[in-house]
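Start at 1 and go down the list; that is how both ligands and their atoms are numbered. Along the sequence shown, residues carry numbers from 1.
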Amino acid sequence: MSASIRLTDLHSIDDEVALSTGPAWQWLPRLTRGHRFVRWQSSVVLTTYADCRVALSDRRFGNGLRAEIGAMPDIDPRFVERRRSSLLLEEGERHTRLRRLAIPALRPRNFERFRPAMAKVVDELVDRVADHGRCDAVVSFCNPLPISVICWVLGVPRAEAEFFAEVAEASTALFSGDPSTVSAAMAATEKIDSYIEDLIGRRRRDPGQDLITDLLAAAEADGATVSGTDVMTIITSLIVGGTDTTRNQLAIALHCFAERPEEWERLRRRPELVPAAVEEVVRYAPTAYAMKRVADEDMELDGLLLPKGTPVIVMSTLANRDESVFPEPDRFDIGRTFRHPHMGFGWGLRSCIGSVLARAELGEALTVLSRRLTGLALDGETVWSRPDTIQGPVTLPLRFEAV
Ligand code: HEM
């Protein structure tokens, strides 16, 4: 590419985005195909797999959400500080340190033991709607599962932590950058902080077999560098990062299948395809459809000038449809073989640390649902949330026959 392309030289998609409705992955690929970079309001949008990978692996691309939240009007500075200390928003040395502390506690073997319980919960959820033959899948299947799972992982009774979903939703809504989301997010942060602080105190006195006990042990082994506040930061980040995403991604999966009865029947016939189906759903229709970054210094991306402070959108939806990486990218194919990882769980410096748990939850849910539900079909209009940083159905009416 020739040198010195500026933001203002780029094709703007503002007007087309304003006219678009429904999930971003249905219209974004069409709006941007043929363009390597486009402009969306004041942001540069990266559309290719290779460019997205560079931005997610290069430390000069800072955390765009962090910059955005700090710049919101009328926001309490103490709240900004607290939110910035979330793993999802943290940067630099502290971010690396917290990630290093959290990752060993999120190993596959720590979650395998929850798989039978995950399957059982989904089975029970199906039992509740089996006779009706129809339901809103968001309410009946997708919302309940991740909260149950995070409660097992943290070793707390579900009734005690019923508010996790609400807290996660209010916190992720803030990532949209919309100032009207601030007061709910502030209240949610206070609520979750005091709950987790109390929980850490309980585990210190009475260790259990759960993630908090594992993290406290890891923190102690790490000695001087890890504090109780760090452990609290990690746990809150796992609740916020793992609840809204998983329930939205499961709802999206069901929407994809309800629109494609032949793929649902294929999954029913061949349950061994479940892991590949999970990957295909997260590639084809990622709930985390965009990742926000900001140029932390003046830089150039193969001829495109990015002055310091330029917001950059790493569009995972588009990277996942890059035909040089994924042949026939607009085809939803649960038998797809992946030569390269998709970006639905991010990539590089901030990639999803809960992806093992998420894959287990989605896998168990699809295994049970495909075994129990035949003739899955849409049963009315799907209502979609706004495309902020994550997107998914708010309402997903489905019909089926339960077996
Ligand atoms: C289907 C479900 C999920 C999806 C699609 C998803 C997607 C993502 C993506 C795309 C990122 C990268 C964000 C960025 O680069 O800006 C991310 C980060 C993260 N995810 Fe997930 N996630 C899911 C489930 C989970 C679960 C279950 C947990 C916790 C148990 C979790 C915890 C986190 C955390 C803490 C981060 C921040 C990592 C960091 O900044 O270093 N996620 N996730």
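Residue nearest to atom 36 (C) of ligand 1, selected from L88, V281, I103: L88 (by heavy-atom distance).
For T287, the closest heavy-atom approach to ligand 1 falls below 4.0 Å. For the ligand labelled ligand 1, residue R359 lies outside the 4.0 Å heavy-atom shell.
Set against the non-hydrogen atoms of Q249, the atoms of ligand 1 under 4.0 Å away are 1 (C), 5 (C). Using a 4.0 Å cut-off to heavy atoms of I353, the atoms of ligand 1 that qualify are 34 (C), 35 (C). The contact set between ligand 1 and A358, taken as ligand atoms under 4.0 Å from a residue heavy atom, comprises 1 (C), 2 (C), 24 (C). For ligand 1, the atoms sitting less than 4.0 Å from at least one non-hydrogen atom of A288 are 10 (C), numbered in the order shown with element in parentheses. Remark: ligand 1 atoms within the under-4.0 Å shell around heavy atoms of L357 are 30 (C). Counting atoms of ligand 1 from 1 in the listed order, those under 4.0 Å from a heavy atom of L87 are 35 (C), 40 (O). Under a 4.0 Å criterion applied to the non-hydrogen atoms of G344, ligand 1 contributes the atoms 5 (C), 7 (C), 10 (C).
For the pair R321 and Y284, the distance from NZ or CZ to the six-membered ring centre is under 6.0 Å and the angle to the ring normal is within 45 degrees. Figure legend: cation-pi geometry between R336 and F326 absent, as NZ or CZ is not positioned both under 6.0 Å from the six-membered ring centre and within 45° of its axis.
If you check which protein heavy atom lies closest to atom 24 (C) of ligand 1, you get T245 OG1, 3.5 Å. When hydrogens are left out, the protein atom nearest atom 29 (C) of ligand 1 is L238 O, 3.6 Å; that is the closest non-hydrogen contact. At the top of the distance list for atom 26 (C) of ligand 1, counting protein heavy atoms only, stands G242 CA, 3.2 Å. Distance from atom 12 (C) of ligand 1 to its nearest protein heavy atom, with residue and atom name: R350 O, 3.4 Å. In this structure, atom 6 (C) of ligand 1 lies nearest to the protein heavy atom F345 CD2, 3.7 Å. Atom 10 (C) of ligand 1 has its closest protein heavy atom at G346 N, 3.3 Å.
For the pair E263 and R260, the salt-bridge criterion is not met [side-chain N within less than 4.0 Å of a carboxylate O]. We find that E112 and R109 are not joined by a salt bridge, their nearest charged nitrogen and carboxylate oxygen being 4.0 Å or further apart. Ion pairing between R266 and D333 holds under the 4.0 Å rule for side-chain N and carboxylate O.
The line from CD1 of I334 to CZ of F257 is 5.0 Å long, rounded to the nearest 0.5 Å. The CG atom of L199 sits 3.5 Å away from the CD1 atom of I212 when rounded to the nearest 0.5 Å.
Under the 3.5 Å distance criterion, the side-chain polar atoms of S20 are left unmatched by any main-chain donor or acceptor of L28. Formation of a donor-acceptor pair under 3.5 Å by the R203 side chain with backbone atoms of L154 is found in this model.
Using a 3.5 Å distance cut-off with no hydrogens or angles, the side chains of T48 and R36 do not pair a donor with an acceptor. With no hydrogens or angles considered, a side-chain donor-acceptor pair links T213 and D210 at under 3.5 Å. Checking S370 against R270 by side-chain atom types alone, no donor-acceptor pair falls below 3.5 Å.
Of all the heavy atoms of C352, the ones lying under 4.0 Å from any atom of ligand 1 are found in both the backbone and the side chain. With a 4.0 Å cut-off on non-hydrogen atoms, H95 touches ligand 1 through its side chain and not its backbone.
Residues N248 and G392 come closest through the heavy atom pair OD1-CA, 3.3 Å.
For ligand 1, the polar-atom distance check against R293 finds a nitrogen or oxygen pair separated by under 3.5 Å. Checked against a 3.5 angstrom limit, the closest N/O atoms of R99 and ligand 1 fall inside it. The shortest N or O to N or O distance between G241 and ligand 1 is below 3.5 Å. Residue E361 has no N or O atom closer than 3.5 Å to an N or O atom of ligand 1.
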